[in-house]
Protein chains: 2
Amino acid sequence: MTGVSGPVTYPRCVRLVLARCKVDYVGRLTAHLPMANRLLLIKADGSVSVHSDDRAYKPLNWMSPPCWLLEDGDVWTVQNKAGERLVITIDALIDELNHDLGAEPGLVKDGVEAHLQELLAEQVNTLGAGYSLVRREYPTAIGPVDLLVKDGDGGTVAVEVKRRGELDGVEQLTRYLELLNRDPLIAPVQGVFAAQQIKPQAKTLAEDRGIRCVTLDYDAMRGIEPDEFRLF
Amino acid sequence: MTGVSGPVTYPRCVRLVLARCKVDYVGRLTAHLPMANRLLLIKADGSVSVHSDDRAYKPLNWMSPPCWLLEDGDVWTVQNKAGERLVITIDALIDELNHDLGAEPGLVKDGVEAHLQELLAEQVNTLGAGYSLVRREYPTAIGPVDLLVKDGDGGTVAVEVKRRGELDGVEQLTRYLELLNRDPLIAPVQGVFAAQQIKPQAKTLAEDRGIRCVTLDYDAMRGIEPDEFRLF
DNA sequence: ACGTCCATGTCGTGT
DNA sequence: ACACGACGTGGACGT
């Protein structure tokens with residue numbers, strides 16, 4: 001009805017609306033939803049998502065924060081700074097539920113790539129006798145190498161760590177190796193592709209390029225003391 | 001042409017539950033959510049997702065269909081065939097809302113990569129005078145090349161079409177070119193990287209590898225008749 | 001079932 | 001702001 005201007009504070013409330021509506025999105029692409037019953041989920045972060053009763057957790061349409069919802073009668077317009085627009089036209093409200101959920105303590109994860117890398121950094125001799133860590137996230141012009149290590153003979157080795165080893169990871173390591181091997185101060189650099197699971201194509205491509213593949217056992221690694229402690 | 005997924009009828013209801021709960025996921029990784037108020041969204045497709053009041057449309061935890069929800073008192077266990085488990089322990093139910101949304105007519109999209117590829121296939125002379133289409137999705141052992149075309153001199157050209165041109169796309173085209181150029185019947189094959197927007201690094205890498213970069217204007221292409229019609 | 005690739009990917013991190 | 005890489009990526013499509 002009336003235009004809203006100035007700073008908008010979101011109610012600390014999740015808002016669930018069941019409504020018969022149609023939706024149009026114009027942004028990175030254009031998309032249209034014909035009139036039908038849907039769930040509109042408006043979160044305290046300002047996000048709006050339009051759900052049907054399928055597609056798992058993915059909405060049919062959505063707008064991510066930061067964005068702004070303007071309710072003008074039965075036309076709800078959600079817009080972001082980039083000019084993307086989500087226009088929801090309400091034909092009929094079916095039901096609505098609001099509630100303040102309070103603070104979210106946060107999700108705790110274990111077993112992501114960072115943990116693998118951390119464990120392998122502590123246990124580089126998993127890769128071979130006499131191996132030692134130079135550093136994690138070794139910086140290069142095209143991004144950091146997961147682990148830079150020395151083998152038993154003092155040769156340099158670049159290690160790419162993945163949970164799941166696929167083609168992309170091999171390409172990534174290949175780019176690093178190309179770059180590192182152009183530097184006469186550090187060349188020659190060998191490559192190691194280390195992952196919990198390595199897809200056959202990735203293994204083939206890697207070995208075709210002279211990259212050694214190592215399969216990691218996260219549970220075993222988690223149970224093993226760091227290299228330093230094992231010296232005693 | 002249009003991304004229409006036909007209407008699907010589900011017999012059940014969307015179920016919205018506000019509850020104080022804790023959640024544990026054990027599967028591809030392990031994750032834990034301490035006790036707090038959350039939105040549980042159970043869809044007719046069987047999916048379960050646990051939302052806080054932020055994170056845009058992404059749930060904190062979820063299980064995708066096909067999966068099965070077992071409610072045993074205040075302990076809800078969702079499980080899939082791979083043995084991944086989501087255990088939701090309910091401390092208190094706050095509110096609940098159920099409704100049969102009925103059939104979803106389906107989302108219609110316009111402007112995805114497939115449309116770009118389709119338009120460029122009709123207008124290959126955008127790439128150069130005398131260019132002609134051999135075929136879309138030209139099959140190779142490592143996947144289909146978006147467009148295979150002939151240039152004005154009868155030389156073969158492999159085209160990779162992207163909405164946004166990034167490094168991955170260049171790597172992808174490079175793999176195709178390597179493979180195609182090993183086949184004496186078709187070699188030499190030139191590469192063209194065509195996208196609505198090409199990132200500077202992708203452009204640099206592509207041109208370093210002798211791949212030509214072409215920026216596409218989707219709106220303009222949509223307004224242009226196919227090559228065949230323009231011959232008259 | 002596996003491989004490949006697109007996605008309004010989203011999200012964090014470092015520059 | 002941009003670039004880069006991880007993600008329980010998810011999902012579609014082809015073999």
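Predicted, not measured: the structure shown is a model, and the values here were computed from it. So that the names make sense, note that chain A is the first sequence line, chain B the second, and so on, each numbered from 1.
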For A:R136 and D:dA6, what is the distance between atoms CZ and P respectively, to the nearest whole Å? 13 Å
Quick one: is D:dG10 close enough that its OP1 or OP2 comes under 4.0 Å of any side-chain N or O from B:R28? yes
To the nearest 0.5 Å, how far apart are CD in B:Q201 and CG in B:D208? 13.5 Å
On DNA chain D, more 5' by nearest nucleotide between A:K81 and B:K58 is A:K81
Is a donor from one side chain sitting under 3.5 angstrom from an acceptor on the other, for A:Y25 and A:E84? yes
For A:L101, all residues meeting side chain to side chain contact (heavy atoms under 4.5 Å, CB included), sequence neighbours excluded: A:V14, A:H99, B:L18, B:N37, B:D53
Which whole-number value in Å describes the distance from A:N80 CG to C:dT10 C1'? 14 Å
Just call it for B:Y25: base, sugar-phosphate, or nothing, with non-hydrogen atoms closer than 4.0 Å on any strand. base
Base, sugar-phosphate or nothing for A:A114? Non-hydrogen atoms, less than 4.0 Å. nothing
Assign A:N61 to base, sugar-phosphate, or nothing according to its heavy-atom contacts below 4.0 angstrom with the strands shown. base
Between D:dA6 and C:dT8, how far is it from one P atom to the other, in whole Å? 22 Å
Using a heavy-atom cut-off of 4.0 Å across all strands, would you classify A:L60 as base, sugar-phosphate, or nothing? base
What's the gap between C:dC11 and D:dG11 when it is taken at their P atoms, as a whole Å value? 16 Å
Pairwise distance CZ(A:R212) to CD(A:Q190) - rounded to 0.5 angstrom: 9.0 Å
Can you tell me how far C1' of C:dG14 sits from CD of A:E137, to the nearest Å? 10 Å
Side chain to side chain contact (heavy atoms under 4.5 Å, CB included) against A:D110, all qualifying residues, sequence neighbours excluded: A:H115, A:Y218, A:R222, B:T30
Does B:P65 or A:G111 map to a spot on DNA chain D nearer the 5' end, using the closest nucleotide for each? A:G111
Taking atom types as modelled and ignoring hydrogens, do the side chains of B:K43 and A:H51 form a donor-acceptor contact shorter than 3.5 angstrom? yes
In terms of side-chain heavy atoms, does B:Q172 have a donor or acceptor partner in B:K162 at a distance below 3.5 Å? yes
Residue mapping more 5' on DNA chain C - nearest nucleotide basis, B:Y57 or B:V112: B:V112
When the P atoms of C:dA7 and D:dC7 are compared, how many Å lie between them, rounded to an integer? 22 Å
Is the distance from OP1 or OP2 of C:dT8 to the nearest side-chain N or O of B:K109 less than 4.0 Å? yes
Base-pair string, DNA chain D, Watson-Crick plus G-U, cut-off 3.5 Å on both distances, | for inter-strand, is |||||||.|||||||
Just jot down the side chain to side chain contact (heavy atoms under 4.5 Å, CB included) partners of B:P139, sequence neighbours excluded, or say none. B:R135
What residues, two or more places apart in sequence or in another chain, satisfy ring pair (Phe, Tyr, Trp, His ring centres under 6.0 Å) together with A:W62? B:Y57
In this structure, CZ of B:F193 is separated from CD of B:E166 (nearest 0.5 Å) by 8.0 Å
Please list each protein N or O that sits under 3.5 Å from an N or O in nucleotides 2-5 of chain D, with the distance.
residue: D:dA3; atom: O5'; partner: B:Q201; partner atom: NE2; Å: 3.4
residue: D:dA3; atom: O3'; partner: B:Q201; partner atom: NE2; Å: 2.2
residue: D:dC4; atom: OP1; partner: B:Q201; partner atom: NE2; Å: 3.0
residue: D:dC4; atom: OP2; partner: B:Q201; partner atom: OE1; Å: 3.4
residue: D:dC4; atom: OP2; partner: B:Q201; partner atom: NE2; Å: 2.5
residue: D:dG5; atom: OP1; partner: A:Y176; partner atom: OH; Å: 2.9

